[in-house]
Amino acid sequence: MKRFLSVLIVLCLLFVAGKAFADTSKNAWKKIRVAVEGTYPPFSALTPAGKIEGFDIDITYALGEAAGAEIKLIIQDWDGLIPGLLARKTDCIIASMSITEERKQTVAFTDKYYQTPAAFVAKKGSIKNFSKDSVKGKTVGVQMATTHDQYLTDTYGKDITIKRYTSLEDIYLDITSGRIDMFMADSIASDVGFLSKPQGQGYEFVGPHMTNPKWFGEGIGIACRKGDMDLVNKLNAAIKKIRNDGTYDRIRKKYFDFDIYGD
């Protein structure tokens with residue numbers, strides 16, 4: 001009898017624990033801590049008042065609403081985004097991060113939420129016929145630890161001097177002051193954040209727009225921890241929802257007069 005009661009007690013405890021776990025899972029991700037960057041206009045930027053805004057930010061809140069989750073934004077430097085995620089300081093990253101094979105070794109990505117090419121920017125007329133030789137010997141700016149950084153390193157190696165920055169704003173300052181000859185970045189970020197501004201009027205895109213997935217990935221996705229596939233699935237469903245109900249397109253039109261989602 002004692003043995004029977006002991007087994008019964010254990011079974012009851014397992015049932016209660018299982019039910020508690022199920023209830024927790026059912027209500028999981030009602031609050032999502034999202035890592036954002038804040039130095040990548042028009043996708044994310046800080047206003048003079050210290051408020052963060054941009055396409056990524058609007059998309060983040062739209063996804064939170066679609067997923068029925070409260071969003072808490074946590075601003076971090078670019079090179080601290082993945083370490084912060086892995087240290088569980090945040091739950092996901094929405095910061096225009098390219099989905100690449102290298103990053104997939106460390107984090108799990110959602111489906112893409114946009115896709116744009118990379119491009120070089122230089123002073124107008126400084127490079128008339130773009131080629132690898134025309135870039136040789138140049139000092140080229142790039143945001144550190146990005147796909148653009150990896151592309152420059154792999155493709156141009158020691159033929160150029162690579163100057164790495166923590167933000168695009170610093171790159172824009174240095175190219176206008178003559179400390180670098182050109183820079184490489186996302187084409188939309190370069191266009192909206194620099195070329196369309198007064199300080200960028202003397203500059204232009206040079207060379208082709210680049211989309212090779214070997215370096216630039218499969219588009220821009222949301223990074224999560226590999227163990228949080230339930231969050232990945234929840235965010236994928238939210239991306240699909242805002243794409244289908246018109247929310248995505250409404251936000252896109254606020255920033256761009258052309259499609260940025262891609263095929």
Side-chain angles (χ1 to χ4, degrees), residues 35-45 54 56 75-86 93-107 109 112 114-123 127 130-195 200 203 205-223:
V36 295
E37 197 217 4
T39 64
Y40 199 62
F43 298 98
S44 67
D56 279 345
I75 301 173
Q76 295 182 316
D77 290 338
W78 174 263
D79 55 359
L81 291 173
I82 289 180
L85 175 69
L86 299 180
I93 300 167
I94 304 183
S96 292
M97 184 171 284
S98 298
I99 304 167
T100 66
E101 290 302 319
E102 182 178 2
R103 289 178 180 146
K104 282 182 183 179
Q105 303 305 309
T106 306
V107 299
F109 279 102
K112 73 173 184 179
Y114 81 86
Q115 185 168 19
T116 55
F120 285 106
V121 171
K123 187 173 289 187
I127 300 178
F130 184 89
S131 67
K132 190 170 182 179
D133 285 341
S134 69
V135 178
K136 191 173 182 179
K138 303 287 188 185
T139 299
V140 184
V142 70
Q143 190 172 17
M144 67 176 62
T146 60
T147 55
H148 311 114
D149 186 355
Q150 190 64 54
Y151 173 82
L152 288 179
T153 302
D154 291 348
T155 307
Y156 292 91
K158 297 180 180 179
D159 290 337
I160 63 173
T161 299
I162 301 174
K163 191 169 182 181
R164 296 175 173 86
Y165 297 82
T166 57
S167 73
L168 286 180
E169 282 89 347
D170 291 337
I171 292 176
Y172 302 155
L173 288 172
D174 269 14
I175 195 168
T176 54
S177 64
R179 285 188 281 269
I180 57 176
D181 301 306
M182 55 197 301
F183 70 83
M184 185 184 194
D186 176 85
S187 57
I188 291 181
S190 298
D191 188 24
V192 178
F194 181 66
L195 294 175
Y203 299 83
F205 287 121
V206 293
H209 280 38
M210 293 160 280
T211 58
N212 190 322
K214 177 180 178 181
W215 289 285
F216 305 113
E218 306 157 19
I220 302 299
I222 301 169

| Any donor and acceptor pair, going by atom type alone, linking the side chain of Asp186 with main-chain N or O of Ile188 inside 3.5 Å? | yes
| Atom OH of Tyr165 and atom CD1 of Ile180: how far apart are they, to the nearest 0.5 Å? | 4.0 Å
| said: For a quick test of reading the model, state the closest non-hydrogen atom pair linking Ser98 to Thr147 and the distance between them. | reply: CB-CG2, 3.6 Å
| said: Minimum heavy-atom separation for Leu168 and Ala185, please, with both atom names. | reply: CD2-CB, 3.8 Å
| remark: Value for CH2 (Trp78) from OH (Tyr40), rounded to nearest 0.5 Å, stands at 7.5 Å
| query | Which heavy atom of Pro41 sits nearest a heavy atom of Glu169, and at what distance? | reply | CD-OE2, 3.4 Å
| message | For Ser190 and Tyr203: C-alpha separation, side-chain torsions, deciding distance, then whether side-chain contact (heavy atoms from CB on, under 4.5 Å) applies. | response | CA-CA 10 Å; Ser190 298; Tyr203 299 83; over 6 Å; no
| Are the side chain of Thr176 and the backbone N or O of Leu173 linked by a donor-acceptor pair below 3.5 Å? | yes
| task | Measure the CG-CD1 distance between Leu81 and Ile75 for me, rounded to the nearest 0.5 Å. | result | 11.0 Å
| task | Quick one: pull up CG in Asp174 and NZ in Lys163 and give me the separation to the nearest 0.5 Å. | result | 4.5 Å
| request: Using a 4.5 Å cut-off on heavy atoms from C-beta on, say whether the side chain of Phe109 contacts that of Met97. | output: yes
| message | For a 4.5 angstrom cut-off between non-hydrogen side-chain atoms, does Ile175 reach Phe194? | response | yes
| query | Given side chains that start at C-beta, do those of Lys136 and Ser131 come closer than 4.5 Å, heavy atoms only? | reply | no
| message | If I take atom CD1 from residue Ile160 and atom NZ from residue Lys138, how far apart are they, to the nearest 0.5 angstrom? | response | 11.5 Å
| request: Return yes if some donor-acceptor pair links the side-chain N/O of Ser187 with the main-chain N/O of Pro117 below 3.5 Å, else return no. | output: yes
| note | Nearest heavy-atom contact between Ser96 and Ile220 is CA-CG2, 3.3 Å
| field | Check: Ile82 and Val107 side chains under 4.5 Å, non-hydrogen atoms | value | yes
| request: Can you label the angle between the Trp215 ring and the Tyr151 ring as parallel, tilted or perpendicular, going by 30° and 60°? | output: perpendicular
| request: Return the minimal non-hydrogen interatomic distance between Tyr172 and Ala189, and the atom names on each side. | output: OH-O, 3.3 Å
| field | Gap separating the OG1 atom of Thr166 from the CD atom of Glu37, nearest 0.5 angstrom | value | 8.0 Å
| task | Please confirm whether the backbone N or O of Gly178 pairs with a side-chain atom of Lys123, one donor and one acceptor, at under 3.5 Å? | result | no
| request: Specify the closest pair of heavy atoms between Ala122 and Met182, including all atoms of both residues, with the distance to one decimal. | output: CB-CB, 3.8 Å
| side-chain contact (heavy atoms from CB on, under 4.5 Å) evaluation trace for Met210 with Asn212 | CA-CA 6 Å; Met210 293 160 280; Asn212 190 322; 5.9 Å; no
| task | Given side-chain contact (heavy atoms from CB on, under 4.5 Å), test Thr153 with Arg164 step by step and report yes or no. | result | CA-CA 11 Å; Thr153 302; Arg164 296 175 173 86; 3.1 Å; yes
| message | Within the 4.5 Å heavy-atom criterion, are Thr211 and Phe216 side-chain neighbours or not? | response | no
| query | Is the shortest heavy-atom distance from the side chain of Ile93 to the side chain of Gln76 under 4.5 Å? | reply | no
| request: Report the relative orientation of the aromatic rings in Tyr156 and Phe120; use parallel for angles under 30°, tilted for 30 to 60°, perpendicular for over 60°. | output: perpendicular
| Residues Thr39, Gln143; criterion side-chain contact (heavy atoms from CB on, under 4.5 Å); working and verdict | CA-CA 11 Å; Thr39 64; Gln143 190 172 17; 4.3 Å; yes
| said: Is a donor from one side chain sitting under 3.5 angstrom from an acceptor on the other, for Asp56 and Ser44? | reply: no
